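Presented below is the structure to which this report refers.
First the proteins, then the strands, lettered A, B, ... as listed; each starts at 1. What you see is a predicted model, and the numbers here were worked out from it, not measured in a lab.
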Amino acid sequence: MLGQGILKGLAETARNFFGSYINKDRLTTVQFPEERLPQIEATRDFPFLVYDGTDWDQGMRCVSCQICEKECPPKCIYIVKSADKKPDATGKPQFYPARFDIDISVCMSCQICVEVCPFDAIKMDVDFELSTTDRFGGLLLNKQQLAKSNEYYNKIHPTEAAAVDAALADERAKADAKLRQAAEAKAAAAAAPPTPPAEKTVVQ
Amino acid sequence: MPEIIDQIFVLLKHWLMGYVPSLLKPVVSAILSVVPVLLAFPLLFAITTVLERKGLGRMQNRYGPNRVGPFGFLQPMADGIKSLTKEDIIPRTADHLVHLLAPVVIVIASFLVYAVLPIGRNMVIANLNAGVLFFFAVGSMVELSVFMAGWSSRSKYSLLGAMRAIAQMISYEIPLVLASIVVIMAAGSLSTVTIVNLQATYTGIFPHWYVFTPWGLTGFIIFMIAATAESNRCPFDLPEGESEIIAGYYIEYSGFKFALFFLGEYLGMFATSAMAITLFLGGWAAPFSFLTWIPSYVWFFAKLLALICAFIWIRGTLPRLRMDQLMNFAWKFMLPLSLINIFAAGVWHYMPAGASRWLVVTLVIAVACVLLSRGLRRNQWFHVRTYRFAS
């Protein structure tokens, strides 16, 4: 019969039409701003700078090595290296970024800056609601806007952050051990040879 | 009391006309008749767009628009504001005058045909004695506007779309007109008002709509299929197939001109639906004699909305046809069937009333339908395609 398939199709669409009013499970749409699907852990959009502790400026892990600036394919990172040094997380004196800007209107979310960072200082954020009314200034994020705590990093990417924390703790322990060794050696050196200088004086 | 409610708009117009000096009477009378139509049908267009989007959404298990206003019913206002504030881009090499005129012509053509459509009892702008002819003559102005748009844009997509549209519209206009001829034969008049008046009588509680005869039903179905093709709606939306030629003949239009095309297309759809109602579904007449207390214009708009819902339902169901399927269907099925339908209507007219003519006419149409559909199917043979030069 001509038109049999059409009638079958009409019955199917009618079933969907009325079914969507009766059975809410049929509707797959998530009503976005009110309802949200949980983000998967690998979600990423723009980079941010991780800091340890509570003070965003003091605890910043970035040592201003500028590798990310050089590697960035669209060149959206701008860093000004500091003139002085301050102790980093491990207590070693390091440079720090006097200025660190990322233009997220240029950023292409490739994550290369994260891959190359030897200090685990730059990581990918998941915050995507970044629209502003000022498309030039509003999308150029400065150091303070980029700085986010390690706790926040642990919250958005738990597995990755735990691995980073473990590695950093390991490094810190090693550095501490080294420091202790050096201190011990120094102490030993300081304790052992009180005589030679005396000898020296004797010689003199 | 029901008579007064039924005639309230007519009485209101007469009462207003009493205050108008006789010199201005023709002009004011025309304005008073035309302005309600110019307001009612664009409003219906706005309602239809939101209904269509919500209905299609539900058929695809989505919500459809539900943000602007209660249940998304103010969405057309937002759409209108959006299209008004958009930049109006005209291609540099386009024919500016024709490019500007095309959307205007389509809207004018779509509005003109409402002149002969009886919206209610005694509610028609112009009772022409060749009303049906006027309808089809003015309705074919749409083709002109489509080709103006396609040609003046100077884009290959729009030209392709326009060529498809012209081929399709001309092909389907023939069954459209031939399907309506059976009603003209039965009514013996080209006046839409006379045709509706003939259908607004009752035997017992049942009305004399032409759709309740075998030839009338066939004619109605052919008319509706042809009307779908005529208004470029799914499954006959080849001229504007989004996946093939993006938007067809109005690809180079933006902003409010695009909205005008949209408006013109929907107004054309309403007009052909209203014509189908006038010819086959008894116009403003109530479906049962005990329901005549409901005002005639309510019945007209109820029938119109029902047909619009059918259009939306079809759009949500069927995929787009291929060009050869479209043409085969028009010329190998619709055209012969509508010719046979005219013959059947003639047989009906000359046979004595009773069960025998029902049997004979139904048989004629059914046999024709089966044979023609078999003829359509015969050419559907599938084989592995071989490429002579590639292999």
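Annotation for A:Arg135: atom CZ does not count as buried by contact number, only 12 or fewer foreign heavy atoms lying within 6.0 Å. More than 12 heavy-atom neighbours from other residues, nucleotides or ligands sit within 6.0 angstrom of CD on A:Glu115. Residue-environment remark: CZ (B:Phe343) stays at or below the threshold of 12 foreign heavy atoms within 6.0 Å. Annotation for A:Lys81: atom NZ counts as buried by contact number, over 12 foreign heavy atoms lying within 6.0 Å. Atom CZ of A:Phe128 is surrounded by more than 12 heavy atoms from other residues, nucleotides or ligands within 6.0 Å. Heavy-atom neighbours of B:Met77 CE from other residues, nucleotides or ligands within 6.0 Å: at or below the threshold of 12. In this structure, A:Lys75 places its NZ atom where more than 12 heavy-atom neighbours from other residues, nucleotides or ligands lie under 6.0 Å away.
Here CD1 of B:Ile312 is found 9.0 Å from CZ of A:Phe17. Values are rounded to the nearest 0.5 Å. In this structure, B:Gln60 CD and A:Thr28 OG1 are separated by 10.5 Å, a value rounded to the nearest 0.5 Å. For the atom pair CG (A:Leu27) and OH (B:Tyr63), the distance works out to 4.5 Å, reported to the nearest 0.5 Å. Atoms CG and CG, on B:Leu56 and A:Asn16 in that order, are 12.0 Å from each other to the nearest 0.5 Å.
When heavy atoms are compared at a cutoff of 4.5 Å, A:Gln31 approaches chain B by way of both its backbone and its side chain. Looking at A:Phe18, neither its backbone nor its side chain comes within 4.5 Å of chain B, counting heavy atoms on both sides.
A:Leu10 has its side chain out of reach of B:Leu318: every pair of non-hydrogen atoms, C-beta onward, lies at least 4.5 Å apart.
Closest non-hydrogen pair, A:Thr29 versus B:Arg62, comes out as OG1-CA, 3.9 Å.
Using modelled atom types, no side-chain atom of A:Arg26 and backbone atom of B:Asn61 make a donor-acceptor pair closer than 3.5 Å.
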